[in-house]
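See structure below.
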Amino acid sequence: MEILAPAGGPEALRAAVFAGADAVYLGGPAFGARANAKNFSREELAQAVEFCHSRGVRVHVTVNILLKDQELEEALDFVRFLCGLPVDAVLVQDVGLFSLLRERAPQLPLHASTQMSLHTPQGVKLLWGLGASRVVLARELSLEEIREIRQACPVELESFVHGALCMSVSGQCYFSALLGGRSGNRGSCAQPCRLPFAAPGGTGHDLSLKDLSFVEELGQLEQAGVCSAKIEGRMKRPEYVAAAVSACRRAAQGEAVPPRLLEDLQAVFSRSGFTQGYLTGERGASMFGVRRKEDVTGATEKVFSSLRGLYRGELARVPLSLTLTQEKGEILLRARDQEGREAVARGPVSEERAPLPRQRCIQQLEKTGGTPFYAAAVEAPEAGVSCGVSALNALRREALEQLLALRQEREPYPWREKSLGFAPHPRREGPLPLRAQFRQVEQLCPQAKACREIVLPLETELSRLEELGRQGWGPLLLDIPRALFGTENRTAQKIEQCIAAGFDQFLCGNLGAVALVRALGGTAHGGFSLNVTNTASLDFLQDLGLASGEVSFELTARETARLGGTLPRGLMVYGRQALMLVRNCPLANSPKGCLHCRKPGCLTDRKRKKFPVVCRDGESAEVLNSVPLWLGDLEKELLSLDFGVARFTVENSVECGRVLDALFRGETPDFDYTRGLFHRGVE
């Protein structure tokens, strides 16, 4: 297995490579999902690629944030620079950037970031078909679910094996953005989930998970179909990186990991120890944890000093063959690596010296210490060569330096220059049509009949849908769960039943859902969680065949108005915005475990604000904002939209009706509300 290590800065990069990483992932001066890491300037990136490539280490660069229209040109210019180095892969979250790069750099390996929330066979297969060479899987998957993905698609699979676990599915967390204006989808997460949020009967830190550690079980991941074991931690110290890499490398080679190394790995960073809950499928209270005093004090200088020894010097990792010859008054040393690169060092024959014996020549040439090379094969003349030991050592140094330089040279990826040239989107005339989305059919109110569309859960009984159709409700869209962990087949069967009954319009909040609807012949509409923040993403969805798309609520009014393209687009104008999509429900962090809630529960923060938690069929849950969004009285700022979305979650039918009445009239409501990010935006 490939051991893929984080490199938040040059020192961590050196630690990863010298400790034995096969590949590193790192960020440039912008556009990476860890904006607060040290990261690398363009000059440092060029040096890092040379350093890694000469040692046979691959370099993956993160360009994995959501981009706004005004940032696309700069992001493309940065990737063009990466193509010239060249790096070994670029990680991407933004589907608009993904599609633009497939056009401009068709040979550049693109990896679908875990921020794309890919967790189903069909979703992964979709990205592979569109040109992703690797998919970084969602961390919430079990080994069995990974096997199902592997069987469905030959794309390379990368999975996290050690490091921090986010409470939310990656790419589906808006907590930091909505509460503090720092978007996790743009690399600026403030980690509010590590603050006190209390569930009934919980610990008081019910959004904080332990770190993952599956190091000793790497073989199980490999058997499940994973080719790359990823270590989280671009914000962590070099000692942490070296410890994690060393432990993973030993495990990947089938060796036992020394207990002392595992102890040091936990000491250098952990939260109440480690968990394997998602991979083993054992979710619940045992997965939660915080940074305790003993977790912090365990990271002593003695531990750090010991771990520095793991990367104090070069790791001899590159095999080569050395051939020494003497001909026509000249001594030649040829150094050749496994890929066929060859360097030649030359020196004069010393006639007054007795020939250096063959065995002594071999012994001297094998001394490659302090370099990344080791002599896999050495050939020397039977009669030896006529030179001194110091002269032979000089030839060895010169040949290895030449070969190291040759190994840095790679052909750049070709780049196709192409203008963005987005067509402007026409401004709407007349009142804003509404799409009313209900969490359950019991919330339906008479006012919803005046909406352009009604959205109900896919789980709604087919007989009830048919009854509503006969009564004139509609058009009806069916909302596919945003989380489909292990339920793709069941979901596909339900979609087929609905299409057969005449209900063929579906709301998709995940690329896996889009893939299912496309495969089964339905019509897909994009939800907010597809994270559309630029025109290229709208064009991408239109090319996939979607009939409409909801844009991200992380955009401001001005940014929304500037979006081009022709795909009909909407925006949430009312509703409790989803702060998180979780697979391990925070309400399960109690001695009773999962409560199988029939009604929404809640979390309470340190300021006593209440955040509803809504379960979806026992498979996933959403943590919602403490107050609803309201944009219904901002008609002039919504003219670029084709429809608004009213999303009802915890309201009863009477409350839903009152909200719709106020939206139709463009009134300011008489309850507490927020403008969300519509005016203030995000970092």
Side-chain angles (χ1 to χ4, degrees), residues 27-36 39 41-42 61-83 90-105 110 113 115-116 171 174 176-178 180-189 415-427 526 528 530-543 549-567 569-571 631 634 636-642 675-683:
F31 311 123
R34 290 293 181 270
N36 294 324
N39 293 317
S41 67
R42 288 196 176 195
V61 177
T62 59
V63 190
N64 58 339
I65 65 168
L66 297 180
L67 296 164
K68 301 176 183 179
D69 269 359
Q70 63 270 25
E71 297 169 323
L72 285 173
E73 287 282 11
E74 186 181 350
L76 290 170
D77 179 70
F78 178 57
V79 178
R80 178 171 49 194
F81 164 75
L82 297 178
C83 286
V90 170
L91 282 89
V92 177
Q93 172 190 9
D94 192 292
V95 293
L97 179 64
F98 180 92
S99 63
L100 294 174
L101 291 178
R102 278 285 59 102
E103 292 177 348
R104 287 157 176 77
L110 290 184
S113 168
Q115 294 287 120
M116 278 195 181
Y174 310 94
S176 179
L178 285 166
R182 293 175 57 183
S183 171
N185 281 317
R186 288 177 53 79
S188 298
C189 181
W415 181 270
R416 299 173 180 171
E417 207 57 62
K418 187 177 180 181
S419 173
L420 287 177
F422 297 131
H425 187 68
R427 292 168 71 86
F528 73 90
L530 290 179
N531 291 330
V532 171
T533 58
N534 55 62
T535 304
S537 293
L538 285 168
D539 289 348
F540 171 85
L541 297 184
Q542 190 167 30
D543 290 343
E550 193 175 338
V551 301
S552 170
F553 50 64
E554 291 193 0
L555 292 178
T556 64
R558 181 173 296 181
E559 290 163 347
T560 302
R562 288 177 176 173
L563 291 173
T566 58
L567 182 72
R569 75 284 315 267
L571 178 72
L631 305 179
L634 303 177
K636 292 182 179 180
E637 296 180 75
L638 302 174
L639 290 174
S640 63
L641 298 171
D642 298 292
R675 297 295 193 191
L677 300 165
F678 196 59
H679 291 143
R680 58 191 173 99
V682 293
E683 292 182 17

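The shown structure was predicted, so the numbers you read here are calculated from the model rather than taken from an experiment.
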- Task: Determine the minimum heavy-atom distance between D539 and G565, stating which atoms define it.
- Result: OD1-CA, 3.9 Å
- Begin with the C-alpha distance, continue with both residues' side-chain angles, and end with the deciding distance and a verdict on salt bridge (Lys or Arg N to Asp or Glu O under 4.0 Å) for R104 and D77. CA-CA 11 Å; R104 287 157 176 77; D77 179 70; over 6 Å; no
- Check the angle between the aromatic planes of F31 and F78 and answer parallel, tilted or perpendicular using the 30° and 60° thresholds. tilted
- Message: Using side-chain heavy atoms (C-beta onward) and a distance below 4.5 Å, is L555 in contact with F678?
- Response: no
- Message: Please give me the minimum heavy-atom distance between V95 and M116, naming the atom from each residue.
- Response: CG1-CE, 4.2 Å
- Query: Atom CD of Q115 and atom CG of D94: how far apart are they, to the nearest 0.5 Å?
  - Reply: 11.5 Å
- Task: Could you tell me whether the side chain of V79 reaches within less than 4.5 Å of the side chain of V61, counting heavy atoms only?
- Result: no
- Backbone N/O of G184 and side chain of S188: donor-acceptor pair under 3.5 Å: no
- Message: Taking C83's backbone N and O only, do any of them form a donor-acceptor pair with R80's side chain (distance below 3.5 Å, no angle check)?
- Response: no
- Can E550 and R569 be said to form a salt bridge (Lys or Arg N to Asp or Glu O under 4.0 Å), step by step? CA-CA 5 Å; E550 193 175 338; R569 75 284 315 267; over 6 Å; no
- Could you walk me through whether V63 and L97 pass the side-chain contact (heavy atoms from CB on, under 4.5 Å) check? CA-CA 9 Å; V63 190; L97 179 64; 3.7 Å; yes
- Message: When you measure from the side chain of T533 to the backbone of L67, do you find a donor-acceptor pair of N or O atoms at a distance under 3.5 Å?
- Response: yes
- Which atom pair, heavy atoms only, marks the closest approach of L567 to G549? CD2-N, 3.9 Å
- Task: Using a strict cut-off of less than 4.0 Å between a Lys/Arg side-chain nitrogen and an Asp/Glu carboxylate oxygen, indicate whether E683 and R186 qualify as a salt bridge.
- Result: no
- Message: So S176 and C189, do their side chains get closer than 4.5 Å, heavy atoms only?
- Response: yes
- Query: Just wondering, do L641 and T560 contact through their side chains at under 4.5 Å, heavy atoms?
  - Reply: yes
- Not counting sequence neighbours, which residues clear side-chain hydrogen bond (donor to acceptor under 3.5 Å, both in side chains) with E637? List them please. H679
- Audit row: N534, L66, side-chain contact (heavy atoms from CB on, under 4.5 Å) steps and yes/no: CA-CA 8 Å; N534 55 62; L66 297 180; over 6 Å; no
- Taking all atoms of both residues into account, what is the closest heavy-atom pair of S537 and G96, and its distance? OG-N, 3.1 Å
- Are the side chain of N531 and the backbone N or O of S552 linked by a donor-acceptor pair below 3.5 Å? no
- Item | Exercise: identify the closest heavy-atom pair between L538 and G564 | CD1-O, 3.7 Å
- Query: To the nearest 0.5 Å, how far apart are CG in L563 and CZ in R558?
  - Reply: 13.5 Å
- Task: Applying side chain to side chain contact (heavy atoms under 4.5 Å, CB included), name anything that partners L639, two or more places apart in sequence or on another chain.
- Result: R427, R428, E635
- Message: Is a donor from one side chain sitting under 3.5 angstrom from an acceptor on the other, for D69 and T535?
- Response: yes
- Message: Atom CZ of residue position R680 - does it have more than 12 heavy atoms of other residues, nucleotides or ligands inside 6.0 Å?
- Response: yes
- Nearest-0.5 Å distance, CZ of residue F528 to CD of residue E554: 10.5 Å
- Answer with yes or no whether the side chains of T566 and Q542 bring together a donor and an acceptor at under 3.5 Å. yes
- Message: Quick check: do V92 and N64 have side-chain heavy atoms less than 4.5 Å from each other?
- Response: no
- Which heavy-atom pair separates A177 from L677 by the least distance, and what is that distance? O-CD2, 3.3 Å
- Note on the structure: Rounded to the nearest 0.5 Å, the CG atom of L420 sits from the CG atom of L100 at a distance of 6.0 Å
- Query: So do D543 and S99 actually touch side chain to side chain, heavy atoms under 4.5 Å?
  - Reply: no
- Task: Quick one: pull up OG in S113 and CD1 in I65 and give me the separation to the nearest 0.5 Å.
- Result: 11.0 Å
- When rounded to the nearest 0.5 angstrom, what is the spacing between CZ in F540 and CG in L530? 9.0 Å
- Any donor and acceptor pair, going by atom type alone, linking the side chain of E559 with main-chain N or O of T556 inside 3.5 Å? yes
- Message: Taking N185's backbone N and O only, do any of them form a donor-acceptor pair with S183's side chain (distance below 3.5 Å, no angle check)?
- Response: yes
- Query: With a 4.5 Å heavy-atom cut-off, do V682 and R182 have their side chains touching?
  - Reply: no
